[in-house]
Amino acid sequence: MARVVSLFRHPIKGFTPESVESLTVQPDGRIAGDRVLAFRFADAIAPESRDGLDHWPKAKGLSLQDFPGLAALRTDYDDDRQRVRIEHEGSVLVEAGLDDSGRGELADAVTEFVLASPEGRRIRRPGRLPLVLVGDGVTSRFQDRARGYVSVHSRGSVDALSDSLGFGIDDRRFRSNVVIDDVAPWSELDWAGELSIGEVTFRTAGPIVRCLATHANPDTGVRDAKVLTTLTSAHGQDEPTLGRLLLPPQDPADASAPWVGGTISVGDEVRAH
C-alpha cells in the first residue's frame with residue numbers, strides 16, 4: 001500500500017525545510033506555512049504576472065539553484081510570533097521578527113553570509129543589493145509556479161537515483177512537500193486523473209523538471225551529486241524529472257464544486273484513482 005512517509009514545509013523560499021507530522025492543504029491548493037517568506041533582489045520585490053496570477057521567479061531572489069551554500073543554514077520560523085532564527089554551524093547568525101527593523105536585520109545577516117560564500121560574486125551583480133525579505137509570514141505565495149500546488153515524489157525514485165549515483169541522497173534535495181513509499185520507482189510520473197492522500201483528493205498535474213538546486217547537499221550546501229545528468233543519462237529521461245505536482249481536483253473557475261483542502265499526515269494511504 002502506497003503511504004506517506006515524510007512531510008515537509010519550507011517557510012522561507014530556498015532555505016531549510018521543516019519536517020512535520022501533518023500539513024494543512026489550503027482551499028487554494030497550497031500548503032499552509034509553505035514559502036511564506038523570500039529574500040528577493042532589490043529590483044524584484046514586486047511580483048510579475050503570469051496567466052493573470054502573481055509570479056515570483058526564483059532566479060530573481062535567493063534560491064538553491066544559484067546559491068547552494070544557503071543549504072548550510074538552519075532556519076526556524078515561529079508562525080505565532082512571526083519570528084525567524086537562522087543558524088550556521090551551531091551558532092545563531094540572526095534572530096528577529098518581521099517588523100521593518102527585524103526584516104532589515106535578517107536581510108543584512110543573510111547578505112553578509114552570501115557575500116562571504118563562493119557564490120558571493122553573484123549577489124554583487126547590478127540590481128541585486130540590498131536584499132529585501134518579502135512576504136507577510138502567513139500567505140503561501142513563493143512557489144516556482146504562479147499556480148499554487150503540492151509537490152510529491154516517491155522514495156523509490158530517490159533510491160533508484162541513489163543507486164545510479166553510487167551513494168545515498170536525501171529526500172530534502174528535492175524540496176517536495178510529500179514523500180511516499182511502497183510504490184515502484186518513477187511510478188508517480190505515470191499518474192493521471194485524480195489522486196487521494198488520506199481524505200484529500202487532488203488532480204495530478206505535470207511532472208517536476210529539476211534544476212541545479214538538487215545538486216546541493218542539504219546539510220553542507222556543497223554541490224556533490226550530479227543529479228541532472230544522471231537522470232538523463234542513466235535513466236534515459238529527455239529532461240531531468242523527479243516527482244509530480246498536485247492541484248485541486250476542479251477548475252478554479254468552477255464555483256459549483258468548492259474544494260476546501262484538508263489535512264494530510266505521515267502514514268496516510270495514497271490512492272491513484
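The structure displayed is predicted, hence computed values, not measured ones. In this chain, numbering begins with 1 at the start of the sequence shown.
- Ion pairing between Asp144 and Lys58 holds under the 4.0 Å rule for side-chain N and carboxylate O.
- Ion pairing of Asp43 with Lys60 is absent here, as no side-chain N (NZ or NE/NH1/NH2) approaches a carboxylate O to less than 4.0 Å.
- Applying the ring-ring contact (aromatic ring centres under 6.0 Å, His included) test to Trp191 and every residue at least two apart in sequence or in another chain returns nothing.
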Under 3.5 Å, side-chain donor or acceptor atoms of residues 84-94 against the rest of the protein: list the pairs with distances, not counting sequence neighbours.
from: Arg85; atom 1: NE; to: Glu87; atom 2: OE2; distance (Å): 3.0

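- Every residue meeting the ring-ring contact (aromatic ring centres under 6.0 Å, His included) condition with Phe39, not counting sequence neighbours, appears here in chain and number order: Phe15.
- Ion pairing between a basic and an acidic side chain is recognised when a charged N comes within 4.0 Å of a carboxylate O; Glu18 and Arg9 show such pairing.
- Within the model, atoms CH2 of Trp186 and NE2 of His235 stand 4.5 Å from one another, a figure rounded to the nearest 0.5 Å.
- With sequence neighbours excluded, the residues satisfying side chain to side chain contact (heavy atoms under 4.5 Å, CB included) with Glu269 are Met1, Arg271.
- Note that CG of Asp66 and CG of Leu212 are 8.0 Å apart. Values are rounded to the nearest 0.5 Å.
- Under 4.0 Å is where a charged nitrogen must lie from a carboxylate oxygen, and between Arg141 and Asp136 at least one such pair does.
- The distance from atom OG1 of Thr204 to atom CG of Leu189, rounded to the nearest 0.5 Å, is 11.0 Å.
- Sorted by first and then second residue, the side chain to side chain donor-acceptor pair (under 3.5 Å) pairs involving residues 208-222 (not counting sequence neighbours) are Arg172-Asp219, Asn217-Asp224.
- The shortest distance between side-chain heavy atoms of Thr201 and Leu195 does not fall below 4.5 Å.
- Considering only residues two or more places apart in sequence or on other chains, Asp163 meets the side chain to side chain contact (heavy atoms under 4.5 Å, CB included) condition with none of them.
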